[in-house]
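Accompanying notes for the structure given below.
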Amino acid sequence: MALFGSRRDITMFTGVAKELVHDVITQQIGYYKVVLSDTVPNVYGESLTKQYIGPVLLNCLIERGDFTTQNDDFGPDTRREVTYNILKDDLIVANVVPEVGDIIMYYELYYEVDNVNENQLILGKDSDYSYSQGLENFGNSFSIKLSTHLTSPERLGIQQFRL
């Protein structure tokens, strides 16, 4: 039987994290979810034009990479990698399940999700995947980390209009 990490402890950790992310840091993103049922694939199961739902406004912690430029036969190409850390409770409330290929808008730039990691656990336990008897009420998955890269709105088929 575990001594720490009960539902009461998890509620306290989550409350402090929500207050910090929502009220103190307040970095927000627009999350676009790919709608597979409205996206028409070609013979190979690929699609050049995808349909998106969104944006859904989410609070998160952002780790920004530096802009880099790579020159090739087609001219200069700007690259940037950004990591977004989102509280799992915020995703549940927003009814969003992050997947590879989804789009994030941050500072009027678009980033495509490359990888979804859910490995930040409270006290190293996840109550949904407990193999030990008596530990189903201890520990919890805390946040989801999204690794992304900069992409162009033209490639996505998203148009920006200015007023």
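Everything quoted here is computed from the prediction, not taken from an experiment. One is the number of the first residue; the rest follow in order along the sequence.
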Single-linkage hydrophobic cluster Ile92~Leu61, side-chain heavy atoms < 4.5 angstrom: no
For Cys60 versus Val21, what's the shortest heavy-atom pair and its separation? N-CG1, 3.8 Å
Does any non-hydrogen side-chain atom of Lys145 lie less than 4.5 Å from one of Thr83? yes
Looking at CG of Leu146 and CD1 of Ile29, how far apart are the two atoms once the value is rounded to the nearest 0.5 Å? 7.0 Å
Nearest heavy-atom approach of Ile62 to Tyr84 is CG1-CD2, 3.7 Å
Which atom pair, heavy atoms only, marks the closest approach of Pro55 to Gly30? CB-CA, 3.9 Å
In the hydrophobic clustering that connects Ile, Leu, Val, Met, Phe, Trp and Tyr at side-chain heavy-atom distances below 4.5 Å, which members other than Val35 occupy its cluster, ordered by chain and number? Ile53
Could you please spell out the steps behind the side chain to side chain contact (heavy atoms under 4.5 Å, CB included) verdict for Lys18 and Leu87? CA-CA 8 Å; Lys18 279 185 181 180; Leu87 293 174; 3.8 Å; yes
Let me confirm one number: the CD1-CG distance from Ile25 to Leu20, rounded to the nearest 0.5 Å. 4.0 Å
Closest heavy-atom pair, Phe142 versus Ala17, reported as atoms and distance to 0.1 Å, is CZ-CB, 3.4 Å
Closest non-hydrogen atom pair, Glu118 against Ser141: OE2-OG, 2.7 Å
Do Thr148 side-chain atoms and Val82 backbone N/O form a donor-acceptor pair below 3.5 Å? yes
Going by the angle between their ring planes, with limits at 30° and 60°, are Tyr32 and Tyr52 parallel, tilted or perpendicular? perpendicular
Can you name the closest pair of heavy atoms from Val116 and Val100 and give their distance? CG2-N, 4.2 Å
Give, for atom CZ of Arg79 and atom OG1 of Thr69, the distance between the pair rounded to the nearest 0.5 Å. 10.0 Å
Between the main-chain N or O of Thr151 and the side-chain N or O of Glu112, is there a donor-acceptor pair closer than 3.5 Å? no
side-chain contact (heavy atoms from CB on, under 4.5 Å) with Met12: of Ile10, Val16, Thr14, only one passes, and it is Val16
